[in-house]
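Below is one structure, written out as structure tokens; the observations come after it.
Bear in mind the structure is a predicted one, so any value in this text is a computation, not a measurement.
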Amino acid sequence: MAEGLLRHALGDNTKFRVRSAGVAAHPGAPANPETIAVLKASGISLDNHRARPITSEMVRDSMLIL
């Protein structure tokens, strides 16, 4: 959800790369259906979202982690 909201807020700003990951992610799982529905009502699509666990490489390559 956070990734979708931030991408929407940034709009077409390509200065930033936004990625989502978690500590309890089931790799390849889609977003929660309720989350997809809530964001879709605001015009935000998570249809292509797939969960991924956070890696040390992602942490190393990040400027900001929320």
Side-chain angles (χ1 to χ4, degrees):
M1 181 180 258
E3 179 182 357
L5 290 169
L6 183 55
R7 285 181 186 280
H8 182 73
L10 291 173
D12 292 332
N13 187 337
T14 58
K15 181 178 177 180
F16 300 101
R17 180 174 64 177
V18 179
R19 298 189 319 177
S20 175
V23 296
H26 298 287
N32 178 288
E34 289 84 8
T35 301
I36 291 172
V38 167
L39 291 181
K40 191 172 280 192
S42 296
I44 302 169
S45 173
L46 285 184
D47 293 339
N48 295 322
H49 175 81
R50 294 295 175 261
R52 65 179 158 244
I54 194 163
T55 65
S56 58
E57 180 181 323
M58 291 171 78
V59 172
R60 185 181 62 245
D61 293 344
S62 297
M63 293 180 69
L64 176 65
I65 298 174
L66 306 172

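The line from CE of Met1 to NE2 of His49 is 11.5 Å long, rounded to the nearest 0.5 Å. One finds the CD atom of Glu3 at 14.0 Å from the NE2 atom of His8 (value rounded to the nearest 0.5 Å). Arg19 CZ to Ile54 CD1: the interatomic distance, rounded to the nearest 0.5 Å, is 9.0 Å.
Both Val38 and Leu46 belong to a common hydrophobic cluster when Ile, Leu, Val, Met, Phe, Trp and Tyr are linked at side-chain heavy-atom distances under 4.5 angstrom. Taken together through direct or relayed side-chain contacts under 4.5 Å among Ile, Leu, Val, Met, Phe, Trp and Tyr, Leu5 and Ile36 form part of one hydrophobic cluster.
Annotation: salt bridge (Lys or Arg N to Asp or Glu O under 4.0 Å) contacts involving residues 40-66, sequence neighbours excluded, comprise Lys40-Asp47.
Met58 approaches Ser20 most closely through the heavy-atom pair CE-O, 4.5 Å. When every heavy atom of Ala51 is checked against every heavy atom of His26, the shortest pair comes out as CB-O, 3.5 Å.
Proximity of a side-chain donor or acceptor of Ser62 to a complementary backbone N or O of Ile65 within less than 3.5 Å is not detected.
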